[in-house]
Amino acid sequence: MIRIEESNMSFEFREEDIFQIENSKLQKSLGNGIKTVEFIVSVKDNELYFIEAKSSSPQPRRDNKEKFDTFVTEISEKFIHSFNMYLSAIMKRNVHEEIPSKFFNIDESIANFKFILIIKNHEIEWLSPIKEAINKKLLDHTQIWKSNIVLLNETLAKEYNIGLMV
């Protein structure tokens, strides 16, 4: 088992189920400007979770709309860049020796791609405006790839059973 501390939360996965894309050789080889989620997880057949963890997020009020928009753009870029990096490695366009072999057995034609943002100590009602904004930003991607956006606080993440520890 591998344990990861991120944004004041602890995650635990089997080594063969996780690719720690952030600060990976793949990510470093592509240079600055490429943003990534913390990790990509495959705990179910033909299902990939692109997981980003945050300790907080801005609220979409008028007084900090710019900060909120910047947050949504940053998260969206992390999801898209990570998705593209994963596919480039699977297609052997980029370095991939650190990706567990299980990831090469996923049938991308039927795979379920989930972009999951977990925000610690976030009220459930605060998640909806963030999800709506990310959905709007990633609409093209979700339509083309049939991917899903999932927003959770740490309580919901434990219920979702994606490796978040108590």
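If you check the side chains of Lys137 and Thr73, you find a donor sitting under 3.5 Å from an acceptor. No hydrogens or angles considered: a donor-acceptor pair under 3.5 Å links the side chains of Asn112 and Asn148.
Remark: Lys44 pairs with no residue by the side-chain hydrogen bond (donor to acceptor under 3.5 Å, both in side chains) rule, at least two apart or across chains. Listed by chain and number, the residues in a ring-ring contact (aromatic ring centres under 6.0 Å, His included) with Phe19 amount to none (sequence neighbours excluded). Judged as a side-chain hydrogen bond (donor to acceptor under 3.5 Å, both in side chains), and not counting sequence neighbours, the contacts of Glu52 are Lys78. Not counting sequence neighbours, the partners of Phe113 by the ring-ring contact (aromatic ring centres under 6.0 Å, His included) test are Phe83. Residues forming a side-chain hydrogen bond (donor to acceptor under 3.5 Å, both in side chains) with Asn94 (at least two apart in sequence, or on another chain): Ser88.
Considering every non-hydrogen atom in both Ser7 and Ala53, the closest pair reads OG-O, 2.9 Å. Shown here for Ser76 and Ile134, the closest heavy-atom pair between the two residues is OG-CG2, 4.0 Å. Considering all non-hydrogen atoms of both residues, Phe103 and Asp17 come closest at CZ-O, 3.6 Å. Lys102 and Val43 get closest at one heavy-atom pair: NZ-CA, 4.2 Å. Closest of all the heavy-atom pairs between Leu26 and Glu98 is N-OE2, 2.8 Å.
Tyr86 and Phe104 fall within a single hydrophobic cluster, where Ile, Leu, Val, Met, Phe, Trp and Tyr side chains are chained together by heavy-atom contacts under 4.5 Å.
Counting only heavy atoms from C-beta outward, the side chains of Val37 and Ile75 never approach each other to under 4.5 Å.
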Under 3.5 Å, which donor-acceptor pairs link side chains of residues 119-128 to any protein atom two or more places apart or in another chain?
unit_1 : atom_1 : unit_2 : atom_2 : d
His122 : NE2    : Ser57  : OG     : 3.2
Ser128 : OG     : Glu132 : OE2    : 3.2

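Between Phe79 and Phe50, the ring center distance fails the sub-6.0 Å criterion.
Note: Phe11 and Phe39 have perpendicular aromatic rings, judged against thresholds of 30 and 60 degrees for the angle between ring planes.
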